[in-house]
Amino acid sequence: MGMVPKNLESHYIKANFPSNQISYAIQDLVRFFSIEGVKHRLHILNPDVVINDVEQVVKSYEAFYNKSFPEKIKLNLYMHIALMLERMVLSEKKTNDLRSVSTNLTKEQKEFVNISKHIFEPISLKYNLSVSLDELLLINEILSSVI
C-alpha cells in the first residue's frame, strides 16, 4: 500500500525526461557505483582514472558487437576489469604470451581473444602489462549472455 507501481515510475520518467538524458544518468550511476565499489579495494591505482580506462574498454566491446550492454553487465565488467588491472600491476609477471592460444578453445573464444587483444592494447601500453588468456576468458564469460 502506498507504493507506486514500478511501471508507473518508469512511465513518469520516460514521459518527463528525454531518453538520451536517462541514458546519461544511468551511465553516470554505473560509473559512480563502480568507482565506489573499487575505491577501497584499489591500493595503487586511482579509481577515477581506472574507471575511465575501463569505460573505454567496455565502449569498445559495445561498438565491436554493436550492442549496448545492460547496466548489470557493465557494472560487473567495470568492477572485474578494474580489480584485474590492480592485480596485474601488483603481480610480478608483467607479460603473458597470448600467441600460444590453446587449441582447445572454441572458435568464438579464439575470436574473442583476438578482438580483446586489440581492445586492451591502449591499457596494456599505459600500464605496461599484457592481459592473460585466463583473464580474457573470464571477461568472455561475463559477456557470454549478451554477445
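For this chain, numbers begin at 1 and follow the sequence in order.
When all heavy atoms of Leu77 and Val54 are compared, the closest pair comes out as O-CG1, 4.1 Å. When all heavy atoms of Ile51 and Ala82 are compared, the pair lying nearest together is CD1-CB, 4.2 Å. When every heavy atom of Ser132 is checked against every heavy atom of Met88, the shortest pair comes out as N-CE, 3.8 Å. Across all non-hydrogen atoms, the minimal contact from Leu105 to Lys110 is O-CE, 3.6 Å. Across all non-hydrogen atoms, the minimal contact from Ser130 to Ser124 is CA-OG, 4.2 Å. Summarising the geometry of Leu45 relative to Glu86, their closest heavy-atom pair is N-OE1, 3.2 Å, with the distance given to 0.1 Å.
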| query | Where do Tyr127 and Val50 land on the side chain to side chain contact (heavy atoms under 4.5 Å, CB included) test, with the steps shown first? | reply | CA-CA 10 Å; Tyr127 294 95; Val50 170; 3.9 Å; yes

| said: One pair to check against side chain to side chain contact (heavy atoms under 4.5 Å, CB included): Ile73 and Lys67. What are the steps and the verdict? | reply: CA-CA 12 Å; Ile73 297 285; Lys67 294 183 182 223; over 6 Å; no

| said: Please determine whether side chain to side chain contact (heavy atoms under 4.5 Å, CB included) holds for the pair Lys117 and Asn114, giving the CA-CA distance in whole Å, both sets of side-chain angles, and the decisive distance to 0.1 Å. | reply: CA-CA 5 Å; Lys117 283 193 281 187; Asn114 287 329; 3.4 Å; yes

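Rounding to the nearest 0.5 Å places CG of Leu125 at 5.5 Å from CD of Glu121. Note that CG of Leu42 and CG of Leu85 are 9.0 Å apart. Values are rounded to the nearest 0.5 Å. Separation of atoms CD (Gln109) and CG (Leu133) is listed at 8.5 Å; rounding is to 0.5 Å. The distance from the CD atom of Glu108 to the CD1 atom of Ile115 is 10.5 Å, given to the nearest 0.5 Å.
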Going by atom type alone, with no hydrogens or angles, which donor-acceptor pairs under 3.5 Å involve a side-chain atom of residues 135-147 and a protein atom two or more places apart or on another chain?
from, atom 1, to, atom 2, distance (Å)
Glu135, OE1, His80, NE2, 3.4
Glu135, OE1, Arg87, NH2, 3.2
Glu135, OE2, Arg87, NH2, 2.7
Ser144, OG, Glu141, O, 2.8

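Ring geometry for Tyr61 versus Phe120: interplanar angle over 60°, hence perpendicular rather than tilted (30 to 60°).
Listed by chain and number, the residues in a side chain to side chain contact (heavy atoms under 4.5 Å, CB included) with Gln56 are Lys59 (sequence neighbours excluded).
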